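First comes the structure, then the notes that go with it.
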2 protein chains.
Amino acid sequence: MAYRETERGKARKEKTRQQILQATAELVDASGFRLVQMAQIAERAGIAAGTLYRYFASKEALFADYFRRATEQEVRQVAAALQEPGQSSERVEAGLRVFARRALLKPRTAWALIAEPVDPAVDEQRLRYRQRYARLFEQVISFGIDHGELPHQDARLTSTAMVGALAEALVGPLAEPPAQNETTIDHIIAFCLAGLTRKEYPQ
Amino acid sequence: MAYRETERGKARKEKTRQQILQATAELVDASGFRLVQMAQIAERAGIAAGTLYRYFASKEALFADYFRRATEQEVRQVAAALQEPGQSSERVEAGLRVFARRALLKPRTAWALIAEPVDPAVDEQRLRYRQRYARLFEQVISFGIDHGELPHQDARLTSTAMVGALAEALVGPLAEPPAQNETTIDHIIAFCLAGLTRKEYPQ
DNA sequence: CAAAGAAGTGAATCACGATTCATTTCTTTG
DNA sequence: CAAAGAAATGAATCGTGATTCACTTCTTTG
């Protein structure tokens, strides 16, 4: 007899898999999904192009996996901020702030996760990602409405608008890097909170 | 002697050029920039693929030209709405409403113009487009601030946030077609106006 | 109408980058 | 260490869709 999969071998493969995902993350952060090539990923991960296909069935599958992991992190961070004790509006503010700070930390990655158009498999992940965000904010807003802390409103629409405002102001094409700092975050959050706590509504 | 360019010939060429741009518009509205192929455009315009290249140097050049014309229309409409008489907030509201209605009329086109990633030449046009929008809204907001109709604020940041909120709520991945109607527009505009007219600001 | 030149055609070419796979190298086990 | 199997390699292949260009058709003019 001879070779059989061993613990050590399994660990080695896991390490390579992580290197591939790490290389993907770095390249996406540098240029977004569209411009990243499999050959580049392989080179940065220190392996041959063909080897990628021993770990991921296709480019789309690799991107989808990377996307899922990356957004999982983001959602977790924002969810944690939203769970902090306080008034609903304070909790929403904390969530927005975490979202904004993380976006500024890696603007291109944020853009890739939020807005860049991608292949169907990745796009499905993005829909899930957005839905999870929407639900997180929605829950807090709905709680606030039910407990009289926030005026009645369409919780989903508000949370969608807030995410859009943040994303556009922080990573959109008009958002020039030098202008983005904590003050910018404060302004944009103030804008969102005004919309969240507004008193008059149509109908 | 023989052939020389004539008025009639010039008109015929102009008509073909318009057909190409019209075909491009229809296809972009159906699927966005990324999926539109030169062969499709030629077929829909009723000409051969090669003929496209007698009118436009490349796909990128064609798209950039289409983009420029399309956004020119949009900007003109919004600019007209912003010029209507009234309080600054009313003028901003009118501008947002035109922006929103037109986006809902052709959601895919709106998405292509606002958010879809594109080649560099088209992207540059998009930057101009965004800047023009930003300036239009900015002017009105700045006027409002100067005349005491609006609280002091970063006019550019506010206008960027408003466009982001609108775009996300109306054409983003979570914006489901059946949910989009005049009521949705009213809600999202109310959100934006609250941010525009808010009383407290950071610092 | 014939000649000159413009415009149109579409099959062939080209560019690009993902994917394959025959071959080589590495790991494990007795 | 040798054999067996796993994993890695990277040059060659493949698919896709933009672009070219030799040829055909149409327009104009004298």
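Below, read A as the first sequence line, B as the second, and so on, with proteins coming before strands; counting in each chain starts at 1. Note that the structure is a prediction, hence the values are computed from the model and not measured.
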Subject >> Atom-to-atom span, NZ of B:Lys59 to P of C:dC16 - whole angstrom >> reply: 15 Å
Original post:
Please give, in whole Å, the distance from C:dA7 P to B:Glu14 CD?
Top reply: 13 Å
Subject >> Modelled atom types, side-chain donor and acceptor of B:Gln77 and B:Gln73, under 3.5 Å >> reply: no
Original post:
Taking atom types as modelled and ignoring hydrogens, do the side chains of A:Thr183 and A:Asp186 form a donor-acceptor contact shorter than 3.5 angstrom?
Top reply: no
Subject >> Base-pairing assignment for D:dG30 (Watson-Crick or G-U wobble, both under 3.5 Å) >> reply: C:dC1
Subject >> Spacing of B:Arg76 atom CZ and B:Thr71 atom OG1 [to the nearest 0.5 Å] >> reply: 10.0 Å
Original post:
Taking atom P of D:dA22 as reference, at what distance in whole Å does atom OH of B:Tyr53 sit?
Top reply: 17 Å
**OP:** For A:Ile41 and C:dA18, give me the distance from atom CD1 to atom C1', rounded to whole Å.
**Re:** 11 Å
Subject >> For atom CZ of B:Phe56 and atom C1' of D:dA18, their distance in whole Å >> reply: 16 Å
Polar atom pairs (N or O), protein with nucleotides 12-15 of chain D, under 3.5 Å:
none

Original post:
Does any donor atom in the side chain of B:Gln22 or B:Gln18 lie under 3.5 Å from an acceptor atom in the other side chain?
Top reply: no
**OP:** Take the protein atom NZ of A:Lys15 and the nucleotide atom P of D:dA8, then report the distance between them rounded to whole Å.
**Re:** 12 Å
Original post:
Only one of A:Phe56, A:Tyr66, A:Phe63 clears side chain to side chain contact (heavy atoms under 4.5 Å, CB included) with A:Ile41; which?
Top reply: A:Phe63
Original post:
About how many Å separate CD of B:Gln153 and OG of B:Ser159, when rounded to the nearest 0.5 Å?
Top reply: 9.5 Å
Original post:
Does OP1 or OP2 of D:dT28 have a side-chain N or O of B:Arg12 closer than 4.0 Å?
Top reply: yes
Contact list (N/O, under 3.5 angstrom) for nucleotides 8-10 of chain C vs protein:
residue, atom, partner, partner atom, Å
C:dG8, OP1, B:Tyr55, OH, 3.1
C:dG8, OP2, B:Tyr55, OH, 3.3
C:dG8, N7, B:Arg54, NE, 2.9
C:dG8, N7, B:Arg54, NH2, 3.3
C:dG8, O6, B:Arg54, NH2, 3.4
C:dT9, OP2, B:Ala48, N, 2.8
C:dT9, OP2, B:Thr51, OG1, 2.8
C:dG10, N7, B:Gly50, N, 3.3

Subject >> CG-NE2 distance between A:Leu157 and B:His187, expressed to the nearest 0.5 angstrom >> reply: 7.0 Å
Original post:
What's the CD-C1' distance between A:Glu43 and D:dT9, to the nearest Å?
Top reply: 15 Å
Subject >> Set of residues satisfying ring-ring contact (aromatic ring centres under 6.0 Å, His included) with respect to B:Tyr133, sequence neighbours excluded >> reply: B:Phe99, B:Tyr129
**OP:** Figure out the CE/C1' separation between B:Met38 and D:dA18, and round it to whole Å.
**Re:** 7 Å
Original post:
What do you reckon, is CD of B:Glu43 surrounded by more than 12 foreign heavy atoms closer than 6.0 Å?
Top reply: no
